[in-house]
Novice: 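Sending over a structure as structure tokens; questions will come in a sec.
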2 protein chains.
Amino acid sequence: MARDGKPTRDKILQESKALILQNGYAGTSIDHILEKTALTKGAFFYHFKTKNDLAKALIEEFIRLDLSTMEAALKNTQDLKDKPLDRLLKFIQIFIDVLAGLKAPHPGCLYASFINESNLFDEEIKKDIAKTILTWRDNIEILMQNILEQYDMVIEEDLNSLADTFTVIFEGGFILSKSVNEPDLTAKQLRHLQNYLQILFVPKK
Amino acid sequence: MARDGKPTRDKILQESKALILQNGYAGTSIDHILEKTALTKGAFFYHFKTKNDLAKALIEEFIRLDLSTMEAALKNTQDLKDKPLDRLLKFIQIFIDVLAGLKAPHPGCLYASFINESNLFDEEIKKDIAKTILTWRDNIEILMQNILEQYDMVIEEDLNSLADTFTVIFEGGFILSKSVNEPDLTAKQLRHLQNYLQILFVPKK
DNA sequence: ATATTTGTACCGTCTAGTCTGTATAATTAA
DNA sequence: TTAATTATACAGACTAGACGGTACAAATAT
């Protein structure tokens, strides 16, 4: 054996992610990553065969983290599973609490970075991103279906798009937040989603 | 004098915009632009001193167009200026009508493209984008202030962030729409904003 | 001792940008 | 009226450096 390479690999992933969120993928050169990590080509190309390989690894790790936070939020609200509206509101609140405490705008979402340069990536990466976005849709939609067992909607609307609103706010919020330099902008948008749900659903008589 | 150069300049702007929305700015090379436009370096660097010069010209034109569509929508709803809630709903409807008719996902917004590679651009470009986003905020906020003269809000919330929701939906909607390949996704999100406003504002007694 | 991990020199290609030359068309002047 | 002039608009070869990627030696830890 030899010394452990995992810290090196992790450092590359971490720094390249930060750089891509600032400069985009094409705007982030391998040399730039090596400069930030104080490594050399040998180390980089030992852990990643190509730059595209790094992209794939980055997205896969990002997706894993994304889905695990979603599952954690679902778990953290399980105690409210027979108060489905309260559960969804608390589900959103978890993310508000994180985003409202930021001192600088959220660095952004890799999905957005990649979709903004989507032609540079192969179909597999794009499929994985879309699949994850639809997983959010599906899971939130289930929470909403539970609500409908006890509530009516003031305005009829498909739950599909209503569930998407959550992700739309994240992606759009991050962009605006970075542009106008207001760290809590996304949290405020999520509050509006809470408001909307609160007055959209009314208890069945 | 010589023959008119404006068609050439316009073609460069048009094609480079399309390419940037697909590949990002750094991912779009000048050679690539020349290939698409069937032009040569001579033509390009006659019209734009540097690549960054092109970026500046692109954003400025994009901003002009963006602000003019906003002003057009404001004008098209002026007849409802003493029914301020109806006016705002119609204002939104104008954009829904456009987005609901798309046969392919909207190509995207240059603001998002640039913000996703924001480190590559000078402060001036970023300031211009932020300023435009805040112009949307301000104008929509005025429409909302007019509403408050006749209506109360079911849930108290600053109009600032409520106005931002419009732009947030656009930016986030475009991203999701491209990823999951659903052209009318953004229009559906705007419908939810209409719903929200409709039940958030109630006539004063 | 040996497999794993990293450093360094190097290669071909692509990149933004320069340079010189040329075609076009309006202007000038005889 | 027309030939010479001039500013505009574009073509295409060229360059220096950055880019992703390779080859292989050196170092590290068991």
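Each chain gets a letter, A, B and so on, in the order the sequences are listed, and its residues count up from 1.
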Novice: Is there a side-chain contact between B/Val154 and B/Phe201, using heavy atoms and a 4.5 Å cut-off?
Specialist: no
Novice: What is the separation between atom NZ on B/Lys11 and atom C1' on D/dC10, rounded to the nearest whole Å?
Specialist: 12 Å
Novice: What's the CD1-P distance between B/Ile30 and D/dG12, to the nearest Å?
Specialist: 17 Å
Novice: Short question: side chain of B/Glu117, backbone of B/Ala26 - any donor-acceptor pair under 3.5 Å?
Specialist: yes
Novice: Atom CG of B/Asp31 and atom P of C/dT13: how far apart are they, to the nearest Å?
Specialist: 15 Å
Novice: For B/Ser29 and C/dT15, is the shortest distance between a side-chain N/O and OP1 or OP2 below 4.0 Å?
Specialist: yes
Novice: Report yes or no: do B/Trp136 and B/Asp66 form a side-chain donor-acceptor pair below 3.5 Å?
Specialist: yes
Novice: In terms of the angle between their ring planes, are B/Phe121 and B/Tyr25 parallel, tilted or perpendicular, with boundaries placed at 30° and 60°?
Specialist: tilted
Novice: Considering only heavy atoms, which members of residues 33-49 of chain B lie under 4.0 Å from some atom of DNA chain C?
Specialist: B/Lys41, B/Phe45
Novice: Should B/Leu162 and B/Ile140 count as side-chain neighbours, where that means a heavy-atom distance under 4.5 Å?
Specialist: no
Novice: Mind calculating the distance between CG (A/Asn23) and P (D/dA18) to the nearest angstrom?
Specialist: 16 Å
Novice: What's the NZ-P distance between B/Lys51 and C/dA16, to the nearest Å?
Specialist: 5 Å
Novice: Would you tell me whether A/Glu157 and B/Asn195 have side-chain atoms, one donor and one acceptor, within less than 3.5 Å of each other?
Specialist: yes
Novice: Without decimals, in angstroms, what is the distance between B/His32 NE2 and C/dA16 P?
Specialist: 12 Å
Novice: Please determine if a side-chain N or O atom of A/Thr8 lies less than 4.0 Å away from the OP1 or OP2 oxygen of C/dT6.
Specialist: yes
